[in-house]
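Notes for the one structure printed next.
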Amino acid sequence: MTSNLPAHASPSIRAIYPPRAQRAISDYDLKFPTSSDGLPPEHQHHSAAPPIISPAFTPPSTPGTGAATPHRSIPVDTSLDLNVPPSNGSLVETLPEVECVVRARIPTTTGQEMFLHLYHNNADNKEHLAIVFGNTIRSRSLDDVKEGETEMDRMIRGAYVGRLHPGRTSSRVEQLRAEAGVSSTPSSSSSLSPVPEDAQADNSVQESKAPLVRIHSECYTGETVWSARCDCGEQLDEAARLMSLSSPSNTSGGVIIYLRQEGRGIGLGEKLKAYNLQDLGSDTYEANLLLRHPADARSYGLATAMLVDLGLGGERGIRLLTNNPDKVRAVEGPNREVVVKERVAMVPLAWTSGGKKGVKSEEVEKYLSTKIEKFKHMLSQ
């Protein structure tokens, strides 16, 4: 794989285009060095811009399409580093309280299905999401019985087992089996799948691998308006594709935790200002600092609490799709409420496909280079 990666993918590879010299950032002077013709070096040679089109990853990589692409898994054990917090301060002291208030089945254009869970919390006023693949992962707070609610209330908010259909009157699988004359012990051929929580617990013992999890921060520009400044949309699509694949190694399903922390936590408006600073010569790391923000202001306490609510806490463990080493420890929580068993690398598709797939632009290459050099992401491992 290494031979197909760009020069900045690994420190051991000699750079084809050496990184530009680092410069001190002034709080009052946003100017950058220019060449003799008055233009910064990176803007001296530009070909005509192509017409705006959707990136290659949308919609061809809709979840469930394509063959499985191998992603290298790296075993991790942070139990020896409990006293070493993440370098960006993203580890919270106390987990927030979360509650799944509604869940709905989402069919996709490829025939695959997922369940979208919407969460409320006591830390902010935003609605965060969990996209769940497979039938073995359920929300405890969603399944809790609410005072005074009817069976119809439970089905409307998604606290049901199996599938909804016209005329259904009960959210509980036991009543459905009794009405259908089916044995209380579900068989492998039962049409009332997914099975209840006690059977799910037995089933989890047989699972060959821990569930695949991706903690994804909202990126309106990369996911909605075709931005080639980052690979966020590509990573979201690739995570969904991997989790929706049917294979012996993916029997435990997967979860994408979608956190509403745009622009690494600074919001969309400030993120657009950062884009303008990048066009003026700063990189994505420097731009946030110039705007008086941390380089990375994200926190993952909500993600940890949501994973615990989904039954993914404890020693069962998860496989975390990330290139960010700080995220591994941060997602585990202050007391390792969630255990990351493996880190699964997400190498950009443009690198692994020789430029035939994925996001391709001068901006995204600078963005990835900054991730490696300054945020210490491990994109080639």
Side-chain angles (χ1 to χ4, degrees), residues 5-9 17 19-20 22-23 25 30 32 39-61 88 214-239 258-291 293-298 322-324 327 346-353 355-377 379-380:
L5 302 183
H8 57 261
Y17 300 103
R20 55 195 175 90
Q22 299 297 313
R23 58 184 178 83
I25 301 175
L30 304 184
F32 46 81
L39 293 175
E42 60 267 31
H43 292 286
Q44 291 182 22
H45 301 288
H46 275 292
S47 57
I52 296 179
I53 58 173
S54 295
F57 56 85
T58 306
S61 61
N88 62 357
R214 166 75 183 166
I215 312 300
H216 189 90
S217 296
E218 178 182 30
C219 179
Y220 177 83
T221 51
E223 297 159 8
T224 308
V225 296
W226 313 287
S227 171
R229 288 183 181 268
C230 67
D231 62 340
C232 299
E234 175 186 307
Q235 289 188 330
L236 180 63
D237 283 350
E238 181 67 1
Y258 190 92
L259 299 178
R260 307 292 300 279
Q261 43 187 10
E262 178 77 53
R264 294 199 301 275
I266 68 174
L268 183 57
E270 294 296 282
K271 176 182 176 178
L272 296 180
K273 293 178 184 178
Y275 281 176
N276 291 331
L277 283 171
Q278 290 172 39
D279 285 344
L280 288 168
S282 301
D283 60 35
T284 181
Y285 183 100
E286 297 167 346
N288 278 28
L289 299 181
L290 286 168
L291 291 171
H293 298 298
D296 190 344
R298 292 175 295 180
T322 185
N323 299 319
N324 184 352
K327 188 183 289 188
M346 299 196 75
V347 180
L349 296 180
W351 297 6
T352 58
S353 67
K356 296 178 182 179
K357 300 179 181 179
V359 184
K360 300 176 285 294
S361 72
E362 176 185 350
E363 289 83 359
V364 78
E365 287 300 315
K366 291 181 179 178
Y367 169 81
L368 295 174
S369 179
T370 301
K371 271 187 157 184
I372 295 169
E373 296 172 9
K374 295 188 176 181
F375 291 100
K376 307 306 179 184
H377 286 202
L379 275 69
S380 63

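The analysis underlying the following values was restricted to heavy atoms, covering all of them including side chains, and did not include hydrogens, waters or symmetry mates. Nothing fancy with the numbering, it's 1 onward along the sequence.
The main-chain N or O of E234 is never found under 3.5 Å from a side-chain atom of D231 such that the two would form a donor-acceptor pair. A donor-acceptor pair under 3.5 Å links the side-chain atoms of S353 to the main chain of K357, judged by distance alone. Of the possible polar contacts, none joining the K371 side chain to the N324 backbone as a donor-acceptor pair under 3.5 Å is found. The closest donor-acceptor contact from the side chain of T221 to the backbone of S227 lies at 3.5 Å or more, if one exists at all.
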- Please step through side chain to side chain contact (heavy atoms under 4.5 Å, CB included) for the pair Q235 and N323, ending with a clear verdict. CA-CA 11 Å; Q235 289 188 330; N323 299 319; 3.9 Å; yes
**Message:** Under the criterion side-chain hydrogen bond (donor to acceptor under 3.5 Å, both in side chains), I'd like the reasoning laid out for E223 against H216: C-alpha separation, chi angles, the key distance, then a yes or no.
**Reply:** CA-CA 11 Å; E223 297 159 8; H216 189 90; 2.7 Å; yes
- Checking side chain to side chain contact (heavy atoms under 4.5 Å, CB included) for the pair I215/K327: CA distance, chi angles, key distance, verdict? CA-CA 9 Å; I215 312 300; K327 188 183 289 188; 4.1 Å; yes
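Ion pairing between R229 and E363 fails under the 4.0 Å rule for side-chain N and carboxylate O. Using a cutoff of 4.0 Å between basic side-chain nitrogens and carboxylate oxygens, K366 and D283 are not scored as salt-bridged. A salt bridge does not link R214 to E238: none of the charged nitrogens lies less than 4.0 Å from a carboxylate oxygen.
Partners of R264 by salt bridge (charged side-chain N to carboxylate O under 4.0 Å, His left out), not counting sequence neighbours: none found. Checked against ring-ring contact (aromatic ring centres under 6.0 Å, His included), Y275 has no partners two or more places apart in sequence or in another chain.
Distance NZ/K271 to SG/C219: 3.0 Å, rounded to 0.5 Å. Rounded to the nearest 0.5 Å, atoms CG (L291) and CD (E286) are 12.0 Å apart. Once rounded to the nearest 0.5 Å, the distance linking OG1 of T352 with CE of M346 reads 10.5 Å. Taking CG of N288 as the reference point, atom NE2 of H293 lies at 7.0 Å (rounded to 0.5 Å). Atom OH of Y285 is separated from atom CG of L290 by 11.5 Å, given to the nearest 0.5 angstrom. Taking OH of Y367 as the start and CD of Q278 as the end, the distance is 9.5 Å to the nearest 0.5 Å.
Between G358 and L349, the closest heavy-atom pair is CA-CB, 3.9 Å. Across all non-hydrogen atoms, the minimal contact from Y258 to E218 is OH-CG, 3.4 Å. Residues I266 and G263 come closest through the heavy atom pair CG1-O, 3.1 Å.
P348 places a side-chain heavy atom less than 4.5 Å from the side chain of L368.
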